Amino acid sequence: MKPAVCLLSGGIDSTTCLAFARNEGYECYALTIDYNQRHRAELDAAARVAASLGAVEHKILKIDLRSLGGSALTNNFDVPKSGVAAGIPITYVPARNTVFLALAMAWAEVLSSSDIFIGVNAIDYSGYPDCRPEFIAAFEHMAQLATKAGIEGRTDLRIRTPLISLTKAGIIRLGQTLGVDFGLTHSCYDPDASGRPCGLCDSCRIRLNGFEEAGIRDPLHYIHENR
């Protein structure tokens, strides 16, 4: 089995992506980044998911993006709850996926792996620029120039994005076929102290719409059940 680094946040997309990599026959090394975000619920979810899907190893790396600020997920800005709007929202964390992929690239080199899986999606998403195919292609090109393994020709790093062109409903249907337990996942930007999702933020709305369109019941219980 070939090793692959799988970025895992604990949400629907990264969980389904990990399940996809496992189904493709990869030996999955799950990488979660604790970037000092406002809540810890997604870190707990990532640990549950990694155990459920049989990751060979689940590594949680601590960095501090809160010290840089600039996002409602790292600062004390209000999380928008009026509906998904046009433009890049305040929940965008500056350069987050660039940082995450760089760390995944480092671990992949240590593991002599040529594959990184990331559950980015450019269809039903919040408009983040680091989820687009052109960003992924640019990072993949950069990665060939950035590592000893790449320069020496020992690895040919590929950023695998199996969900990038799927709707949220499509991702949920795929996850269901792969045996994902969505009750283990977490998507909310502003959960309560117990981790219960708000039901009103962009991420909750996109998730709920996806389950509705997929014709599948979301197993989570929300603070605001009726949007």
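All values derive from a computational prediction rather than experimental measurement.
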So, D190 side chain and V79 main chain: donor-acceptor pair closer than 3.5 Å or not? no

With no hydrogens and no angle check, is any side-chain donor or acceptor of Y26 less than 3.5 Å from a backbone partner on Y29? no

With a 3.5 Å cut-off and no angle check, do the side chains of R96 and S71 form a donor-acceptor pair? no

Expected output: side-chain E109 to main-chain A149 donor-acceptor under 3.5 Å: yes

Below 4.5 Å, heavy atoms only, C-beta onward: do R160 and I116 meet side chain to side chain? no

Would the distance check show the side chain of D34 and the main-chain N or O of L61 forming a donor-acceptor pair, the cut-off being under 3.5 Å? no

Close side-chain approach of T147 to L157, heavy-atom, < 4.5 Å: no

Starting from L8, can I reach L111 by hopping between I/L/V/M/F/W/Y residues whose side chains sit under 4.5 Å apart? no

Could you measure the distance from the CZ atom of R207 to the CG atom of L220? Nearest 0.5 Å is fine. 4.0 Å

Is there a donor-acceptor pair closer than 3.5 Å between any side-chain N or O of N23 and the backbone N or O of A19? no

Can you get from V49 to F100 by hopping between Ile, Leu, Val, Met, Phe, Trp and Tyr side chains that sit under 4.5 Å apart? no

Calculate, to the nearest 0.5 Å, the distance between atoms NE2 and CG belonging to H224 and L208 respectively. 12.0 Å

Calculate, to the nearest 0.5 Å, the distance between atoms CG and CD1 belonging to L174 and I171 respectively. 8.0 Å

W107 side chain reached by L31 side chain, heavy atoms, under 4.5 Å: yes

Hey, what do you get for CD1 (I136) to CG (N97), rounding to the nearest 0.5 Å? 6.5 Å

Do the side chains of L18 and L103 join up, straight or via other hydrophobic residues, at under 4.5 Å, putting them in one cluster? no

Would you kindly confirm whether F77 and Y128 end up in one hydrophobic cluster when ILVMFWY residues are joined by side chain heavy atoms under 4.5 Å apart? no

Look at the side-chain heavy atoms of Ile, Leu, Val, Met, Phe, Trp and Tyr, link any pair under 4.5 Å apart, and say whether V5 and L43 land in one connected group. no

Who pairs with S67 by side chain to side chain donor-acceptor pair (under 3.5 Å), at least two apart in sequence or on another chain? none

Please tell me if the side chains of I63 and N36 come closer than 4.5 Å, counting only heavy atoms from C-beta onward. no

Nearest 0.5 angstrom please: Q37 CD to R66 CZ, how far? 8.5 Å

So, does S114 use its side chain to make a donor-acceptor pair with the main chain of D156 at under 3.5 Å? yes

With the side chain counted from C-beta on, respond yes when F211 and I12 share a heavy-atom pair under 4.5 Å apart, and no when they do not. yes

Flag, side chain of H39 to backbone of C188, donor-acceptor distance under 3.5 Å: yes

Within the side chain of R48, is there an N or O that forms a donor-acceptor pair under 3.5 Å with the backbone of L184? yes

How about F117 and P162: do any of their side-chain heavy atoms sit closer than 4.5 Å? yes

Hydrogens and angles aside, do S203 and S187 bring a side-chain donor and acceptor to less than 3.5 Å of each other? no

Over all heavy atoms of both residues, which pair between G87 and P89 is shortest? Give the atoms and the distance, please. O-CD, 3.4 Å

Do D13 and N121 have side-chain atoms, one donor and one acceptor, less than 3.5 Å apart? no

How long is the straight-line distance from CD of E134 back to CZ of R132, given to the nearest 0.5 Å? 4.5 Å

Quick one: do the D115 and S113 side chains pair a donor with an acceptor below 3.5 Å? no

